[in-house]
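Have a look at the structure below before the remarks.
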Amino acid sequence: MNKKKQVAAIKGTKDIFPQEARKWQFVESVAKGVFELYGYREIRTPIFEATELFEKGTGETSDIVIKEMYTFKDKGGRSLTLRPEYTPSVVRSIIENRLYLQSQPLRFYYIGPMFRYDKPQKGRYRQFHQMDIEVFGEKDAAVDAEIVEMADCLLRELKVFETETLINSVGCKKCRPSYLKELRSRAEKESERLCADCKRKITTNPLRIFDCKVETCREISSKFPQITGYLCQDCEEHFSQFRSYLEFYKIAYKIEPRLVRGIDYYTKTTFEVISSKLGAQDAILGGGRYDDMMKEFGGPDICGIGFAVGMERLISLIRFPEERENFLFLVYLGDEAKKEGIGLAWYLRREGVECLMEYKERSLKSQISRANKLGARWVLIVGEDEVKKGKYQLKNMETGLQKEVSQEEILKIIQEAM
Ligand code: AMP
């Protein structure tokens, strides 16, 4: 090591190494399969956007906007923000590109990084990754239940069990004001005992007091009136239909009246899936309905609903089998064998077999131990004798069995084992 100062990764970010990246690829492909099965199609939007998009969308009283955004000025003096969440970007894109002119509902999914300047800890990072889905133009509570069922399907596919589904309704523009009034007056009475942050929330948005992690605030707010007692008829009916569809799908749920979620735009349904195995940051995924966002952004009056899964948390719950990778490591000895090996590797790759060859001068034994270290399932040995015969030694590293095979036989054996 030389003495020059090294540059370190930014706090709250992580490198994902190849073995780990395999897990990510697996989870992403399972998720894509599930999303597509339910009719979702992929959309990709930019990682940074105009700051005002999130101020307006995520909401000026949300913790994300107040404390957690990565906001900077570019060389042209514009205020930009690395997206802390995904929904406002999709809504912007739909309006800007007039995607609403397509027949509705629209169903999108997206996988990518998000950025929040929060205090890093286990399960909470400054660059983290989400898989998001959104549906636009579907008012029926059946879709609220369908997306919860889809989340459930994804978790079962990945063999993530022992989760809990929490649901709530946060009402709408009609019924929420009278609830907020009541909540504010109750919070004011307790204001002396609340933390400084919650004191501020009394005026800005008292709903946010429910997000507070301070123990005394949690205890005080547990006695506050619950929004479910203030819902208008429309919201009440929607909530009851949502629950009956969940029952139809046989999804166990718990009503959690404190589940207001940290974002300002939710209307009616909110939900979260949690796991006690995650520790303090226990939410695997969360989402809800946002029926007013498109209109508030100057677009048409189209309702929306969606959820986001945290990739890091999800992956930490999956038990991946300790498997050898399905690739072949080609070992050779001598110049003739090297040439023959290069030809064989070329052939096998064209036939879809993952094949690795390294060109260092090494003994057969050390090449085989290298293959073992890399976790190769197959080793193909090409020596002088093999070149003469046109037959090679194929070793299965799992079983230890070795067989003399022709080029075509290699392919057959590997393909059958795939
Ligand atoms: P939210 O966008 O806050 O509703 O979060 C949706 C999901 O993203 C959560 O349930 C978590 O799984 C994940 N998540 C949110 N914030 C973070 C973070 N800072 N680090 C890691 N995962 C996160």
Side-chain angles (χ1 to χ4, degrees), residues 4-28 31 44-55 57-74 79-90 110-132 160 195-198 200-201 208 211-215 217-218 261-264 272-287 306-318 320:
K4 289 201 180 130
K5 193 168 177 281
Q6 293 174 8
V7 181
I10 304 297
K11 200 172 156 192
T13 69
K14 277 208 304 192
D15 298 310
I16 299 167
F17 302 114
Q19 253 189 334
E20 186 72 7
R22 283 265 193 207
K23 299 180 183 173
W24 284 65
Q25 287 165 357
F26 170 72
V27 173
E28 286 169 8
R44 300 186 188 197
T45 64
I47 281 176
F48 58 90
E49 300 266 5
T51 301
E52 62 174 305
L53 179 77
F54 301 109
E55 287 172 349
T58 313
E60 275 168 342
T61 70
S62 67
D63 276 355
I64 293 181
V65 170
I66 294 172
K67 298 188 246 173
E68 297 170 9
M69 292 213 298
Y70 274 93
T71 297
F72 59 96
K73 287 238 161 80
D74 74 357
S79 179
L80 303 177
T81 293
L82 299 182
R83 61 175 181 211
E85 57 141 348
Y86 186 58
T87 310
S89 301
V90 198
Y110 177 80
I111 302 174
M114 306 290 152
F115 306 85
R116 292 184 195 170
Y117 188 82
D118 205 346
K119 203 164 170 221
Q121 63 177 89
K122 180 171 170 276
R124 191 159 75 196
Y125 310 99
R126 289 183 171 170
Q127 175 175 331
F128 61 100
H129 300 75
Q130 287 186 339
M131 302 192 288
D132 287 58
V160 174
C195 73
D197 224 15
C198 285
R200 173 182 55 77
K201 291 171 179 174
R208 295 274 78 84
D211 299 332
C212 184
K213 297 275 184 277
V214 177
E215 204 40 57
C217 297
R218 291 186 75 82
R261 315 224 343 100
I263 293 166
D264 283 357
E272 237 170 47
V273 177
I274 60 170
S275 164
S276 56
K277 291 185 190 149
L278 283 174
Q281 302 301 317
D282 63 356
I284 311 170
L285 63 96
F307 68 73
V309 193
M311 286 286 283
E312 285 80 358
R313 293 185 202 175
L314 177 62
I315 285 172
S316 75
L317 288 172
I318 301 172
F320 294 91

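One-based numbering along the sequence shown.
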Over 60° means perpendicular and under 30° means parallel, so classify the ring planes of Phe320 and Phe26, tilted if in between. perpendicular
According to side-chain hydrogen bond (donor to acceptor under 3.5 Å, both in side chains), who are the partners of Glu272, at least two apart in sequence or on a separate chain? Arg261
Once rounded to the nearest 0.5 Å, what's the spacing between atom CE of Met114 and atom CD1 of Ile64? 10.5 Å
Under the 3.5 angstrom rule, does the side chain of Thr51 hit a backbone N or O of Ser79 as a donor-acceptor pair? yes
How would you list, by chain and number, every residue that makes a side-chain contact (heavy atoms from CB on, under 4.5 Å) with Pro18, sequence neighbours excluded? none
Please name all residues satisfying side-chain hydrogen bond (donor to acceptor under 3.5 Å, both in side chains) with Tyr70, sequence neighbours left out, ordered by chain then number. none
Determine yes or no for a side-chain-to-main-chain donor-acceptor pair under 3.5 angstrom, with Arg313 supplying the side chain and Ala283 the backbone. yes
To the nearest 0.5 Å, atom CG of Asp211 lies from atom NZ of Lys213 at 6.5 Å
So which atom in Ala308 and which in Asp132 form the shortest heavy-atom distance, rounded to 0.1 Å? CB-OD2, 3.6 Å
Residues, nucleotides or ligands: over 12 heavy atoms within 6.0 Å of Gln121 CD: yes
Has Lys122 got a side-chain atom pairing as donor or acceptor with Leu278's backbone, closer than 3.5 angstrom? yes
Going by the rule side-chain hydrogen bond (donor to acceptor under 3.5 Å, both in side chains), which residues pair with Thr58 if we only count those two or more places apart in sequence or in a different chain? Glu85
Do you know which two heavy atoms are closest between Ser62 and Arg208, and how far apart they sit? CA-CD, 4.1 Å
Determine which pairs satisfy side chain to side chain donor-acceptor pair (under 3.5 Å) with at least one residue from residues 7-27, sequence neighbours left out, and list them in order. Arg22-Glu325
Check Ser89 against Phe54 and note the closest heavy-atom contact, atom names and distance. OG-CZ, 4.0 Å
Interatomic distance, Lys119 atom NZ to Glu68 atom CD [nearest 0.5 angstrom]: 13.0 Å
Assess Arg126 against Tyr117: is NZ or CZ under 6.0 Å from the centre of the six-membered ring, and within 45 degrees of the ring's axis? yes
Are the side chains of Ile111 and His129 in touch, meaning some heavy atoms are under 4.5 Å apart? no
Is Arg218 reaching over with its side chain to a backbone N or O of Cys212, donor-acceptor style, under 3.5 angstrom? yes
On a heavy-atom basis, the closest approach of Ile284 and Leu317 is CD1-CD1, 3.6 Å
Separation of Thr61 OG1 from Ile66 CD1 (nearest 0.5 Å): 6.0 Å
Could you tell me if the side chain of Thr81 sits less than 4.5 Å from the side chain of Phe115, heavy atoms only? no
Among residues at least two apart in sequence or on other chains, which ones pass side-chain contact (heavy atoms from CB on, under 4.5 Å) with Asp197? Lys67, Cys195, Arg200, Lys201
Heavy-atom side-chain proximity of Pro113 to Arg83 below 4.5 angstrom: yes
Side chains of Arg116 and Arg124, heavy atoms from C-beta outward: is any pair under 4.5 Å? no
